[in-house]
Amino acid sequence: MLQPALPDLMPALPEIVLAIGAMVMLMFGVFRKSDSTNLITGLAIGLLVVALVLTLLAPAGMTMNGAFVMDEFARTMKVLIFAAAAIALSLGVDFVQREGYGRFELPVLIVLATLGMGMMVSATTLIALYLGLELMSLALYVTAAINRDSTRASEAGLKYFVLGALSSGMLLYGASLVYGFTGHTEFGPIADTLQAGGVSTGVIFGLVFILAGLVFKISAVPFHMWTPDVYEGSPTPITAFFAAAPKIAAMALLVRIAVDAFEPATREWQQVLTFVAIASMVLGAFAAIGQRNIKRLMAYSSIGHMGFALVGLAAGTQAGVQGVVIYMAIYAAMTLGAFAIILSMRRAGGMVEEIDELAGLSKTNPVQAFFLAMLLFSLAGIPPLAGFFAKYFVFLAAIEAELYALAIIGVLASVVGAVYYLRIIKIMYFDEPVEGFVPAAIELRTVTWASGLFVVFFVFVAGPLTSWADRAAASLF
């Protein structure tokens with residue numbers, strides 16, 4: 001009697017460890033009740049670090065009947081995701097304790113969301129893609145509204161849920177159209193079918209709906225409407241998590257499905273992504289100018305930065321994908337550093353979020369002001385900081401692909417976007433000082449220093465990061 005062969009699950013070992021660890025932490029929290037929050041948060045951070053190490057060690061290959069792949073692209077993006085998730089979780093340790101709504105479910109939900117992100121990056125079928133996406137999304141909806149005593153948080157969670165459900169429906173409808181017109185859900189056979197039979201109108205409609213569902217997850221225009229309210233209403237550590245890890249995962253999934261499944265339809269999806277990139281860059285540049293709340297400003301900033309990252313993908317080349325990988329790595333470092341300082345904006349009366357509260361920070365806390373200025377200059381793309389190189393690689397890829405208008409619009413949007421970053425720097429260095437902030441927690445200072453030094457001295461690590469990104473991109477082509 002033949003015994004069924006067990007699949008080799010080693011390529012999926014990081015996700016398996018995260019899944020088992022999340023279940024164990026959940027059971028532990030249920031039985032320990034309220035006094036387990038700090039311990040489970042520490043365990044969650046440790047679990048994410050273990051998953052990161054296992055990602056580096058896991059063998060390349062496919063498993064789960066070809067629905068899950070571990071290649072250099074997946075490995076690279078997962079390292080960024082797990083690192084961003086662990087850092088974002090550590091940023092909230094002091095905040096959650098001080099604000100008095102620590103719940104053990106929060107780190108468990110973040111681990112489950114990160115598990116979904118890992119599955120997304122490695123998905124090679126439309127079904128696996130959707131499962132990973134929904135696992136991430138459902139956990140994020142709950143984390144946005146984790147502070148049940150706050151009406152702003154409840155509103156943020158509800159908006160995120162309603163609009164997220166709409167985007168998931170669009171993605172499923174698109175997937176059903178693609179399956180109906182190609183007869184496949186696997187990325188490879190879909191590409192082969194399109195290569196042999198051409199790209200039909202039905203497939204184009206399906207592709208547009210799939211892209212719409214994925215573009216929502218990176219909060220790009222025109223599916224950006226949830227972002228400012230969710231960023232402002234969610235607890236700040238959760239906002240930091242939203243701004244980093246899910247964006248990396250969704251962008252990685254967008255790259256994989258465009259290059260792996262719809263490579264024969266490059267001309268079609270290139271037009272869609274070019275429009276989305278231009279709209280996101282322009283709206284992110286202009287809409288942030290009038291913002292007074294720093295979290296809302298970071299929301300519009302993230303919309304603009306996703307537009308810049310899409311410039312690389314719109315090129316449709318290996319150099320473009322390499323630019324996307326570099327951009328997302330630098331973006332995560334800049335964003336987490338900025339949110340570490342935002343979490344440090346606290347006085348005796350509690351947290352403050354208005355930009356005017358940073359007045360005179362250069363006099364009350366010169367080190368913090370310097371690092372925030374460097375991070376803002378980097379977000380604006382000022383050389384020789386890291387953000388300049390991030391934009392350089394994606395614009396270079398667009399120019400090499402002869403997308404000159406896209407590159408020019410991107411450069412102009414960068415100039416406009418610099419206005420609101422420079423305004424914050426002006427407030428810190430030239431306005432009359434207000435009351436200083438209380439000393440920040442050690443984890444906030446650590447992340448601030450690490451990200452600040454990274455953007456300032458990026459030229460010294462640019463070579464290894466560029467080579468790493470090139471290997472990741474080459475695995476898709």
Side-chain angles (χ1 to χ4, degrees), residues 4-12 15 58-78 116-136 168-215 217 249-273 313-314 316-318 320-321 324 472-477:
L6 293 175
D8 180 10
L9 297 176
M10 290 303 291
E15 284 74 20
M62 302 186 76
T63 185
M64 300 178 186
N65 292 326
F68 187 100
V69 65
M70 173 66 84
D71 54 15
E72 281 306 310
F73 178 76
R75 192 188 311 276
T76 301
M77 301 311 284
K78 286 182 188 181
M117 295 175 207
M119 293 173 62
M120 286 164 55
V121 174
S122 288
T124 58
T125 74
L126 295 173
I127 297 173
L129 174 159
Y130 182 72
L131 290 174
L133 193 68
E134 284 305 292
L135 177 57
M136 176 192 79
S168 295
M170 297 174 71
L171 187 144
L172 274 179
Y173 183 60
S176 67
L177 284 175
V178 171
Y179 173 68
F181 282 92
T182 64
H184 297 286
T185 60
E186 301 85 2
F187 293 173
I190 288 173
D192 294 339
T193 302
L194 297 181
Q195 190 71 50
V199 183
S200 66
T201 304
V203 171
I204 293 174
F205 272 99
L207 173 59
V208 170
F209 276 106
I210 289 174
L211 291 178
L214 296 181
V215 162
K217 301 303 179 184
M251 187 63 73
L253 180 55
L254 200 53
V255 170
R256 185 176 291 283
I257 198 168
V259 175
D260 273 3
F262 293 101
E263 190 275 333
T266 297
R267 189 173 62 86
E268 286 76 12
W269 58 253
Q270 201 173 44
Q271 297 176 42
V272 176
L273 294 184
L313 180 54
T317 61
Q318 180 178 326
V321 174
V324 173
S475 68
L476 297 178
F477 290 86

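Residues Leu211 and Trp269 share a closest heavy-atom pair of CD1-CB, 3.8 Å. Pairing each heavy atom of Met170 with each of Ala212, the nearest pair is CE-CB, 3.5 Å. Scanning all heavy atoms of the two residues, the minimum distance from Thr63 to Ala12 falls at CG2-CB, 4.2 Å. Closest of all the heavy-atom pairs between Ala474 and Gln318 is CB-NE2, 3.5 Å. Of all heavy-atom pairs between Lys217 and Met136, the closest is CD-CE, 4.3 Å. In terms of heavy-atom proximity, Ala175 sits nearest to Ile210 at N-CG1, 3.7 Å.
A side chain to side chain donor-acceptor pair (under 3.5 Å) check over residues 119-133, counting only residues at least two apart or in different chains, returns the pairs Lys78-Ser122. The list of side chain to side chain donor-acceptor pair (under 3.5 Å) pairs with a residue in residues 170-190, not counting sequence neighbours, is empty.
With sequence neighbours excluded, no residue forms a side chain to side chain donor-acceptor pair (under 3.5 Å) with Glu268. The side-chain contact (heavy atoms from CB on, under 4.5 Å) check on Phe181 picks up Leu177, Ser200, Val203, with sequence neighbours excluded. Residues satisfying the salt bridge (Lys or Arg N to Asp or Glu O under 4.0 Å) criterion with Glu72, sequence neighbours excluded, are Arg75. Scored by the side chain to side chain donor-acceptor pair (under 3.5 Å) test, Gln270 finds no partners at all (sequence neighbours excluded). With sequence neighbours left out, the side-chain contact (heavy atoms from CB on, under 4.5 Å) criterion links Ala123 to Ala128, Leu129.
For the atom pair Glu134 CD and Met120 CE, the distance stands at 10.0 Å (nearest 0.5 Å).
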May I have the list of side-chain donor-acceptor pairs in residues 188-198 shorter than 3.5 Å, sequence neighbours left out?
unit_1 : atom_1 : unit_2 : atom_2 : d
Thr193 : OG1    : Pro189 : O      : 2.8

Distance-only donor-acceptor hits, side chain of residues 253-260, under 3.5 Å, sequence neighbours excluded:
unit_1 : atom_1 : unit_2 : atom_2 : d
Arg256 : NE     : Val121 : O      : 2.7
Arg256 : NH1    : Asp71  : OD2    : 3.3
Arg256 : NH1    : Asp260 : OD2    : 3.2
Arg256 : NH2    : Asp71  : OD1    : 3.0
Arg256 : NH2    : Asp71  : OD2    : 3.3
Arg256 : NH2    : Val121 : O      : 3.4

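Looking at Val199 and Leu207, their side chains never come closer than 4.5 Å, going by heavy atoms from C-beta outward. Residues Thr266 and Glu263 form a side-chain contact, since some pair of their non-hydrogen atoms from C-beta on lies under 4.5 Å apart.
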